[in-house]
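Only a predicted model underlies this, so the values are computations on that prediction, with no experimental measurement involved.
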Amino acid sequence: MSKRLLSLIKPRKTLNRKPSKNPLYNDPHIKNLAHEACILLQTHQNWDQYLETLLAKNSIEPSEIAQIVFDRIKDVELGLKFYDWVVNRKYCTPIDGYALSSLLKLLAVNKVFDEVEKLLTLMKNEGFLPSFDACDVLICAYADFGLVEKAMELYNYVNDRFNRMPTVGTCNSLLSMLLKNGEFEVAHKVYDEMLKRDNGGGDGEEGCLDVCSTGLMVKGLCEQGRVEEGRKLIEERWGRGCVPNVVFYNVLIDGYCKKGEMGRVHRILQEMKFKGFLPTVETYGALINGFCNGGKFEEVDKLLAEMKMRGLSANVQIVNNIIDSRYKHGCSVDPWDVIKKIQDSGCKPDIMTYNILICGSCNIGRVEEAHALLEQARKRGLTPDQFSYTPFIHFYCKRGDVDKASNLLIEMTQRGYKPDMVTYGALIHGLVFRGEIQVALDIRKQMMERQVIPDAGIYNVLMSGLFRKGMLTGAKQLLCEMLDQNVHPDAYVYTTLVDGFARNGNLDEAKKIFDLVGEKDLDLDVVGYNAMIKAYCKFGRMNDAMLCFKKMVDRRLSPEVFTYSTLIDGYVKEKNLKTALKIFNEMVKKKLKPNVVTYTSLINGYYREGDTLGAEKTFREMKSHGIVPNVVTYTILIGGFCKGGKLVKAASTFEEMLVNKCIPNDVTFNYLVNGFMNNVPISVIEKEKDFENHEDSIFLKLFKLLMLNGLPLKKSVYSCILICLCQQRMLTAALQLNRKLLSRDVLEESFTFVALLHGVCLEGKSREWRDLLSCNLNKQEIEAAVKYSKMLDMYLPNGFSPEASSILHQLVEDFSFQNQEAEHLKVSVR
């Protein structure tokens, strides 16, 4: 409620006019006349003429029946017509304050708030105050309509003016809306006031609080994760106008389930049964949701069986939650089987059921199945909504089929489904994901033309896409547009801006944004501080990074693994391993588990210090903690070994990397090639004992054989890389590397073809090898390839036949046959 509206209620000080209660209000004759007036209003077009005659006959002024008419009539339009008729009559006694208050109640109940303000203005000018009942009804109407600020101001006015609380129903409506809007502290103050007056405060009125009031507060506490406070509130109010029922227990169970505290759930359930309350469908629904969140579907099945035994059936909301959770936990779901089971249980799938199944099918690429589900939903009389179409738009955008996604949006509009924020957001997110930032900006323009204003989330996605493209000016313009549209940036938007400017080398702009957030008293979360710390580290400003870290701690934000890892990496790159290790130790003391990034940074730090043993020790420690190395970890190790001339360790680490299905990158390949090129003179192959003793390394054994066969050093290394990739069934990576090297003349054609052919056969694609590989070898090169192939056959995994060698032998025979045909043709011509 605005200050203006509150001022309308306050009477002018010059008029000390107080309304008096109509002494005829309870007069039977007056009541009958008011009743006849209501009937005339509702049934006669010329009601005013009939009413004029009726009142004149009984010598009654219209103002005398006004209050009763306003109280009895339900149609607000008729009430206003009657009011206009009364006030526009000449020489009529004015309507008193009680009648106006009754009209105010009629307007409030029908939520005609414009007329409410006009009437309040009139009452102020006439020196009348709205009655307590009128204020009570108006507070409830404001609360139910979501006008919480107005409801609260009028609530405070009633407390001050009448020294009493609104009725318990009105207070409960106010509590409910405050909690729904997240204004928990305000709600708690209202509840405390209700509690105080219920215990004899104020004028000592009774009944300011009921079981519903406490139930609302308990639910609000639980939704905030403050379940223990909710439980204590029930205990404090037990027996004092509050007898907890099964609904209270359901709210607590749901709260503990959402927090994952299933032990407490079990105790509450036992207490509930001990006090004679039987679990309801809602109880089981909360329990099932709790186990679904933890992926414990065996427990879910037990609860469903228990429900059946008790004669209870799972409703469609419970079923939908189970399906959704199974998808989220990566479980296999057969949509058609799910629908059949739902129907067999006597429950009907709703559009939400189909939406979940459609989304699940689209997420795993089964779009045709999703279309079939959508069609079945339509045939069953269900009306698809924006959530039915959104998964398709996501799918087609991710696949790069922007036209199909856009056409789907058009189809959706043509079918009468108005795209909303969610639909447009899905399309924009998909386009940005595919790098189609300009198309995404065009869609944003289109949605604004249709009066759908993007929210902070959509602007965040667009800014992120612009930053990835290096379009800093575009990101700034988007921020200005966002502010012009009165869309307030949230912590995520500011974090994207800080990170985006820093990534594009503009630290000053990143710092301005970060400082601006502080000026606006909009504290960033941990992610926001991480972005600024990362920016400082990127530019080597470690002192600033540590100051930002301390500021974060002062704001009572707990640094996470990413925070410490960023600092460690920053100090490593500044060649300050000592400080990096100090931060690492602090991180461990705080019970934070280092991840692959943390250990990789330390390994890199040891190599920068020339401490190979320290790097290897850290790598072993990392694996002992069950942390899987990534491509950066392995590449740093391989680079360190190669620079130190430890080629055996470099090769074995490369092979370990492939065994662990970690796909190498160009940096990995370059380290290996340069390492061998810089450390292996030709004679070392015969002298290096390590090479001969390392019999389990395919890389080293093949490298030695290729070198002894006269293959150049560089070609030998690349050939070994290719065969190792193929041996570990990384054919795609091998083919990509082959394409990159074709123009550089660093591959031996015969061996390369053999290596790739072995890879194709190991992938089980021997019959389609011609579709994957091109063979431009002559007879002599193919014969050399046969020799290489026999050498590789020695390293075939158990259970694999030498298919590649068989294919090569066939090629040799084909060449022989073609030569014979050619000779025969020459003889025939002669």
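- In this model, a donor atom of one side chain and an acceptor atom of the other lie less than 3.5 Å apart for Asp385 and Ser388.
- Shown here for Ile351 and Pro384, the closest heavy-atom pair between the two residues is CD1-CA, 3.8 Å.
- Aromatic ring orientation, Tyr396 versus His371: tilted (interplanar angle from 30° to 60°).
- In this structure, Val493 and Ala456 approach most closely via the heavy-atom pair CG2-O, 3.6 Å.
- Not one N or O on the side chain of Asn289 forms a donor-acceptor pair closer than 3.5 Å with the backbone of Cys292.
- Geometrically, Arg326 engages Phe297 in a cation-pi contact, judged by NZ or CZ lying under 6.0 Å from the ring centre and within 45° of the ring axis.
- Contact record, Thr563 with Asn530: OG1-OD1, 2.7 Å, taken as the closest heavy-atom pair.
- The pair Arg767-Glu803 does not meet the salt-bridge criterion, since no charged nitrogen lies less than 4.0 angstrom from a carboxylate oxygen.
- Here ring-ring contact (aromatic ring centres under 6.0 Å, His included) pairs that include residues 430-450, with residues two or more places apart or in two chains, number zero.
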Inset, instruction - Evaluate the side-chain hydrogen bond (donor to acceptor under 3.5 Å, both in side chains) criterion for residues Asn665 and Thr668: first the C-alpha distance (whole Å), next the side-chain angles of each, then the deciding distance (0.1 Å), finally the verdict. - result: CA-CA 5 Å; Asn665 57 26; Thr668 321; 2.8 Å; yes
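- Across all non-hydrogen atoms, the minimal contact from Tyr492 to Asn460 is O-OD1, 3.4 Å.
- Of the possible polar contacts, one joining the His329 side chain to the Asn293 backbone as a donor-acceptor pair under 3.5 Å is found.
- The two residues Val316 and Asp350 make their nearest non-hydrogen contact at CG1-OD2, 3.6 Å.
- Centroid-to-centroid, the aromatic rings of Phe669 and Tyr718 stay 6.0 Å apart or farther.
- Using a distance-only test at 3.5 Å, with no hydrogens or angles considered, a donor-acceptor pair links the side chain of Lys538 to the main chain of Ala502.
- Residues meeting the side chain to side chain contact (heavy atoms under 4.5 Å, CB included) test with Ala370, sequence neighbours left out: Ile358, Ser361, Cys362, Phe392.
- Of the charged side-chain nitrogens involved, none lies within less than 4.0 Å of a carboxylate oxygen, so that Glu299 and Lys296 do not count as a salt-bridged pair.
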Legend entry - Test side-chain hydrogen bond (donor to acceptor under 3.5 Å, both in side chains) applied to Thr633 and Asn630, step by step: CA-CA 5 Å; Thr633 319; Asn630 62 20; 2.8 Å; yes
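- A donor-acceptor contact shorter than 3.5 Å is absent between the side chain of Gln728 and the backbone of Lys661.
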Inset, instruction - Given side-chain hydrogen bond (donor to acceptor under 3.5 Å, both in side chains), test Tyr634 with Asn660 step by step and report yes or no. - result: CA-CA 11 Å; Tyr634 279 118; Asn660 289 329; 2.7 Å; yes
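- A salt bridge is defined here as a Lys NZ or Arg NE, NH1 or NH2 lying under 4.0 Å from an Asp or Glu carboxylate O, and Lys740 with Asp666 meets this definition.
- Counting only heavy atoms from C-beta outward, the side chains of Ile663 and Val631 never approach each other to under 4.5 Å.
- Using a cut-off of 4.0 Å between Lys/Arg side-chain N and Asp/Glu carboxylate O, Arg444 and Glu481 are scored as salt-bridged.
- Residues meeting the side chain to side chain contact (heavy atoms under 4.5 Å, CB included) test with Asp337, sequence neighbours left out: Asp334, Lys341.
- At a cut-off of 3.5 Å, with distance as the only test, a side-chain donor of Glu306 or Tyr284 sits close to an acceptor on the other residue.
- Closest of all the heavy-atom pairs between Met447 and Ile453 is CE-C, 4.3 Å.
- Side-chain atoms of Lys476 and Phe501, non-hydrogen and from C-beta on, do get closer than 4.5 Å to each other.
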